[in-house]
Novice: 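The structure is given below, and queries will be raised subsequently.
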Amino acid sequence: MSEISITLPDGNSRNYPAGVTGMDVAKDISTSLAKKAISCSVNGEHRDLSRVIESDAEFAIHTMQDDAQALELIRHDCAHVMARAVQELWPDVKVTIGPVINNGWYYDFDRAEPFTPEDLATIEKKMREIINKKDMVRTETWDRARAIKFYEDNNEPYKVELVNMIPEGEDLRMYWHGDWQDLCRGPHLVHTAQIPGDSFKLMSVAGAYWRGDSNNAMLQRIYGVAFKNKNDLKAHLHMLEQAALRDHRKLGREMDLFHMQEEAPGQVFWHPNGWRIYTTLQDYMRRKQTAGGYVEVNTPQVVDRKLWEASGHWEKYQENMFIVEVDEDHAREKAVNALKPMNCPCHVQIFNQGLKSYRDLPLRMAEFGSCNRYEPSGALHGIMRVRGFTQDDGHIFCSEDQIEEETKVYIEFLSEIYRDLGFENFRVKFSDRPETRSGSDEVWDKAEQALLSATRAAGIEPEMNPGEGAFYGPKLEFVLTDAIGRDWQCGTHQVDFVLPERLDASYIGQDGAKHRPVMLHRATLGSFERFIGILIESHAGKLPFWLAPRQVVVASIVSDANDYAQKVVDDLRASGVRAETDVRNEKINYKVREHSLAKVPVILAVGMKEVEQGSVSVRRLGQKQTSVDAFETVKLGLAKEAIAPDLA
RNA sequence: GCUGCCGUAGCUCAGGGGUAGAGCACUCCCUUGGUAAGGGAGAGGUCGGAGGUUCAAUUCCUCUCGGCAGCACCA
């Protein structure tokens, strides 16, 4: 047997016979290390300690101190232990897959009966029993035929399918946690008792399609979270509770911003407070767009199907469109229309009016375009995913040569706006060509390169989203995150080669001939609805002063100060501050509590002292201390604070 | 759209085969109080909708609408 050289992280090497296991090496280094060891890295690959090492390698032992590895193993072993628990409790349940995800894991099961919350408690208990058995984790490499036979004999059809999906020639690894066995890539812990029994929790059960395909059977997915210790678990559960308090649906009600109701699912009834946020944001965007060289337009809501047929929406998007058929009694001629789900075809209609010259390009056309999409009922979510919404939409008509420059300009435009709105960090996803697409590979090459280099020129390294582009062109997505960590696409920037062709847009080039423009679809906020939802959640309702619907409440302490309170409010309003009085027959404690809960940024309390000296007592949201200052000074300060960041 | 769960007063929720309850909010009265709930009284509900079972349904069953979580979708 030949010798191999194992190089440890401290740079020292040791020689071992080929076929030594990670655990052998750990024991050789020290017995106490071997006891603590949970896994190892071999040439950077995370592996089981029980796996043999065949050739020279860079080698490191991992213990519970190594967070990344420890958490991956704990969560992965939890998945296996949970699947084992489920099959011990209900032997007829079929197992499928169970990967590690953020904060935990899930495992998908096929079972006729639904899992109940009580079942989750039972499973958790069973998991703790299994952990306490301290079963060693064993692994073997099998060939396909043996694995298929095994799973066929055990009536595990999903596993058979999984084995068949694994490419020919790749090792099949089998893991045992005690008697229970699963096909798995690994790695795993040394024994199950390395899972901290008090640091995991089963969270929920929900449906999930087998292999993520809605044509397949619906399985039951159990989600769990797991950490290294009880405190981390508690901290995580606490974080979830805090996040729930930031939910825009809850805050929207509490702050009286909007409501939704059964008669208009997926559509927003904006209340005065919410609409003030909306219009403030819209005014801001209009100024930014004007400054950014856009011309603003407005286009029809209800458009004949002929246009949608021409644009391709009728064929590709009809399921998501509200179709409007006009009754013959009411119309001279029966017409089939659709509410516009997007603004782009209408914008091309405007572009197509009159003859365009290359000198007109790039033409940046913007619309606060109200769209209606018949979104699947299960997709609706508060005001973040709705059926009626308004995009800060825009289409840039340009030549192919201008794509890169226009993209650069746009990323700068968007970054400035996101910064103003408090989003210093946002993620950019880049989606390239999908399998079914229009346009030649040469054009795609060019467009993808243009987007990528423009993004990198802005100092942003995009996340790759291979094959996820639209059929008509590649795209950039600008992603923000909600209170509980769900990603939402807000901004978008997409290249489109197809629509100008379909709707026959053209311009006269320098050469005097007709050319096809390229369209760049872009939206910065995405939709006002979604963006305001994100804004509410990211600020936990405490919007920056300039966006706050009610900026100041002037609360009287005694009724003799009511007239003064009104005068203060009138003055503030004249200075451009959104102020209201609260002269109700309530104590100041009551008023302070109520307006603080309503997240009003500034409360000005006025009593007889303030009346006499022309002052106000200033209390800022979230601060306990107050200060009494001359009203004129306070007014100037607040008036300045109320100015939008682009005007400041 | 799919799977599961949920739908009782404006809000948060309790209840449960014999036609409903709490706290907060609301209205009125008392109280003029100095920075996160002063006191009292009152009003408020065809228990999401439609069928069915039953002497009797808000409660049990079916369907339907809406919401929530996840999946799928997201031009």
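Keep in mind that the numbers below use all heavy atoms, side chains included, and drop hydrogens, waters and symmetry copies. Just so it is clear: chains get the letters A, B, ... in the order the sequence lines come, proteins before strands, and each one is counted from 1.
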Novice: Return the pairing partner of B:C26 with a 3.5 Å limit on both distances, Watson-Crick or G-U wobble; otherwise return none.
Specialist: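 Pairing partner: B:G42.
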
Novice: Is it the case that the base of B:G34 and the side chain of A:E610 share a donor-acceptor contact (distance under 3.5 Å, atom types as modelled)?
Specialist: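 Donor-acceptor pair under 3.5 Å: yes.
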
Novice: Is A:Y590 close enough to B:U32 that one of its side-chain N or O atoms is under 4.0 Å from OP1 or OP2 there?
Specialist: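 Answer no for this pair, as no side-chain N or O of A:Y590 is under 4.0 Å from OP1 or OP2.
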
Novice: Ring centres of A:F430 and A:H493 under 6.0 Å apart?
Specialist: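 Ring-ring flag for A:F430/A:H493: false, centres at least 6.0 Å apart.
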
Novice: Using a heavy-atom cut-off of under 4.0 Å over every strand shown, decide if A:R486 touches base, sugar-phosphate, or nothing.
Specialist: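 Sugar-phosphate only.
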
Novice: State plainly whether the residues A:E537 and A:R249 are in salt-bridge range, i.e. N to O under 4.0 Å.
Specialist: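 Salt bridge between A:E537 and A:R249, a charged N being under 4.0 Å from a carboxylate O: no.
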
Novice: Any base atoms under 4.0 Å from A:L597, or only sugar-phosphate, or nothing? Heavy atoms, all strands.
Specialist: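 It contacts base atoms.
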
Novice: Between B:U54 and B:U62, how far apart are the two C1' atoms, rounded to whole Å?
Specialist: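 So the two C1' atoms sit 16 Å from each other.
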
Novice: Could you give the distance separating B:G44 and B:U27 at their C1' atoms, to the nearest angstrom?
Specialist: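 10 Å, rounded to whole Å.
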
Novice: To the nearest angstrom, how far is A:M384 atom CE from B:C68 atom C1'?
Specialist: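 Result: 14 Å.
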
Novice: Tell me the partner of B:C74, counting only Watson-Crick (N1-N3 plus N6-O4 or O6-N4) or G-U wobble (N1-O2 and O6-N3) with both under 3.5 Å; none if nothing fits.
Specialist: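 In the structure as shown, B:C74 has no Watson-Crick or wobble partner.
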
Novice: What integer number of Å spans the P atoms of B:A57 and B:U64?
Specialist: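 Looking at atom P only, B:A57 and B:U64 are 23 Å apart.
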
Novice: Taking a pair as Watson-Crick or G-U wobble with both distances under 3.5 Å, which nucleotide is matched to B:G4?
Specialist: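 With both distances under 3.5 Å, B:G4 matches B:C68.
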
Novice: Whole angstroms only, please: what is the CD-C1' distance between A:E118 and B:G4?
Specialist: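 Going from CD in A:E118 over to C1' in B:G4 covers 13 Å.
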
Novice: Taking CG from A:D119 and C1' from B:C5, how many angstroms apart are they, rounded to a whole number?
Specialist: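 Result: 14 Å.
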
Novice: Among the candidates B:G34, B:G70, B:G1, find the nucleotide nearest to the side-chain atoms of A:K609.
Specialist: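 From the listed options, B:G34 comes nearest.
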
Novice: Can you classify the ring geometry of A:W270 versus A:W275 as parallel (below 30°), tilted (30 to 60°) or perpendicular (above 60°)?
Specialist: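 A:W270 and A:W275: tilted rings.
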
Novice: A cation-pi test, strictly: NZ or CZ of A:K94 under 6.0 Å from the centre of the six-membered ring of A:F109 and no more than 45 degrees from its axis. Yes or no?
Specialist: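 Not flagged: A:K94 not positioned over aromatic ring of A:F109.
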
Novice: Counting any heavy atom closer than 4.0 Å, what does A:M260 reach on the DNA or RNA strands: base, sugar-phosphate only, or nothing?
Specialist: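 No contact.
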
Novice: Does the gap between the ring centers of A:Y223 and A:Y107 come in under 6.0 Å?
Specialist: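 Between A:Y223 and A:Y107, the centre distance exceeds or equals 6.0 Å.
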
Novice: Within this structure, what is the CG-to-P distance between A:L120 and B:G4, rounded to whole angstrom?
Specialist: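 It is 15 Å, rounded to the nearest whole Å.
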
Novice: So, does the side chain of A:R385 form a donor-acceptor pair with the base of B:C73 at under 3.5 Å?
Specialist: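 Indeed there is one.
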
Novice: Expressed as a whole number of Å, how far does the C1' atom of B:G45 sit from that of B:C26?
Specialist: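 So the two C1' atoms sit 15 Å from each other.
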
Novice: A:E529 and A:R373: salt bridge (charged side-chain N to carboxylate O under 4.0 Å, His left out), yes or no, with the steps?
Specialist: CA-CA 14 Å; A:E529 287 76 6; A:R373 298 182 187 171; over 6 Å; no

Novice: Could you state the CD-C1' distance from A:Q391 to B:C74, rounded to the nearest angstrom?
Specialist: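 About 12 Å, once rounded to whole Å.
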
Novice: Would A:R221 count as a cation-pi partner of A:Y106, with NZ or CZ less than 6.0 Å from the six-membered ring centre and within 45° of the ring normal?
Specialist: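 Yes, A:R221 and A:Y106 form such a contact.
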
Novice: Strictly below 4.0 Å: does A:S377 bring a side-chain N or O up to OP1 or OP2 of B:G1?
Specialist: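 Affirmative; the distance criterion is met.
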
Novice: Does any N or O donor sit under 3.5 Å from an N or O acceptor when you compare the side chain of A:R619 with the base of B:A36?
Specialist: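 Pair found.
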
Novice: In whole angstrom, give the distance that lies between atom NZ of A:K591 and atom P of B:G38.
Specialist: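 Distance, rounded to whole Å: 12 Å.
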
Novice: With the side chain counted from C-beta on, respond yes when A:Q613 and A:V628 share a heavy-atom pair under 4.5 Å apart, and no when they do not.
Specialist: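 Result yes, sub-4.5 Å side-chain heavy-atom pair found.
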
Novice: Is the phosphate of B:A36, meaning OP1 or OP2, less than 4.0 Å from a side-chain N or O of A:N589?
Specialist: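 For B:A36, OP1 or OP2 has a side-chain N or O of A:N589 closer than 4.0 Å.
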
Novice: With the side chain counted from C-beta on, respond yes when A:N372 and A:R387 share a heavy-atom pair under 4.5 Å apart, and no when they do not.
Specialist: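 A:N372 does not reach A:R387 side chain to side chain.
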
Novice: Taking only side-chain nitrogens and oxygens of A:H381, does any of them come within less than 4.0 Å of OP1 or OP2 of B:G70?
Specialist: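 No, A:H381 has no side-chain N/O under 4.0 Å of OP1/OP2 on B:G70.
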
Novice: With sugar-phosphate meaning primed atoms plus P, OP1 and OP2, does A:P265 contact a base, only sugar-phosphate, or nothing at under 4.0 Å between heavy atoms?
Specialist: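 Sugar-phosphate, backbone atoms only, no base.
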
Novice: Considering only atom C1', compute the distance from B:A25 to B:C71 and round it to an integer number of Å.
Specialist: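 B:A25 and B:C71 have their C1' atoms separated by 39 Å.
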
Novice: Rounding to a whole Å, what distance do you find between A:Q625:CD and B:A36:P?
Specialist: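 Atom CD in A:Q625 sits about 12 Å away from atom P in B:A36.
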
Novice: When you measure from the side chain of A:M218, which nucleotide among B:A36, B:G70, B:U32 comes out closest?
Specialist: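 Looking only at side-chain atoms, A:M218 lies closest to B:G70.
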
Novice: What is the separation between atom CD on A:Q613 and atom P on B:G34, rounded to the nearest whole Å?
Specialist: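 In whole Å, B:G34 P and A:Q613 CD are 16 Å from each other.
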
Novice: If you only use heavy atoms from C-beta on, which nucleotide in B:G34, B:A72, B:G38 is closest to the side chain of A:K587?
Specialist: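 Among the listed nucleotides, the one closest to the side chain of A:K587 is B:G38.
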
Novice: Could you work out which one of B:C73, B:G34, B:A69 sits closest to the side chain of A:P376?
Specialist: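 Nearest to the side-chain atoms of A:P376, counting from C-beta on, is B:C73.
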
Novice: Select base, sugar-phosphate, or nothing to describe what A:A605 touches, counting heavy atoms under 4.0 Å on all strands.
Specialist: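 The residue A:A605 makes base contact.
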
Novice: Which base sits across from B:A57 as a Watson-Crick or G-U pair, both distances under 3.5 Å?
Specialist: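 Across any shown strand, B:A57 pairs with none.
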
Novice: Who is the Watson-Crick or G-U wobble partner of B:U62, with both distances under 3.5 Å?
Specialist: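 Per the H-bond distance test, B:A50.
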
Novice: What distance, rounded to whole Å, do you find between the two P atoms, one in B:G48 and one in B:G67?
Specialist: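 Taking atom P in both B:G48 and B:G67, they lie 16 Å apart.
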
Novice: Looking across every strand, which nucleic acid part, if any, lies under 4.0 Å from A:Y223 by heavy atom: base, sugar-phosphate, or nothing?
Specialist: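 It contacts sugar-phosphate atoms only.
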
Novice: Suppose we define a pair by two distances each less than 3.5 Å, Watson-Crick or G-U wobble; what does B:G17 pair with here?
Specialist: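 With both distances under 3.5 Å required, B:G17 matches none.
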
Novice: Remember a base hit wins even if backbone is also touched, and classify A:R221 as base, sugar-phosphate or nothing at under 4.0 Å, heavy atoms.
Specialist: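 If one applies the 4.0 Å heavy-atom cut-off, A:R221 turns out to touch the sugar-phosphate alone, with no base involved.
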
Novice: Rounding to an integer number of angstrom, what distance separates B:C47 and B:A37 when you compare their C1' atoms?
Specialist: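 After rounding to an integer number of Å, I get 30 Å for this pair.
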
Novice: For A:F471 and A:V592, find the nucleotide of RNA chain B closest to each by heavy atoms; which residue's nucleotide sits nearer the 5' end?
Specialist: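 Nearest-nucleotide comparison on RNA chain B picks A:V592.
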
Novice: Between B:G23 and B:G40, how many Å separate the two P atoms, rounded to a whole number?
Specialist: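 To the nearest whole Å, 11 Å.
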
Novice: Would the base of B:G1 count as contacting A:Y209 through its side chain, where contact means a donor and an acceptor less than 3.5 Å apart?
Specialist: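 Answer yes: a donor N or O sits under 3.5 Å from an acceptor.
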
Novice: Check every atom of B:G38, B:G33, B:C73 against the side chain of A:E586 and return the nucleotide holding the closest atom.
Specialist: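 That would be B:G38.
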
Novice: If you assign each of A:R249 and A:R584 to its closest nucleotide in RNA chain B, which residue comes earlier from the 5' end?
Specialist: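 Between the two, 5'-proximity favours A:R584.
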
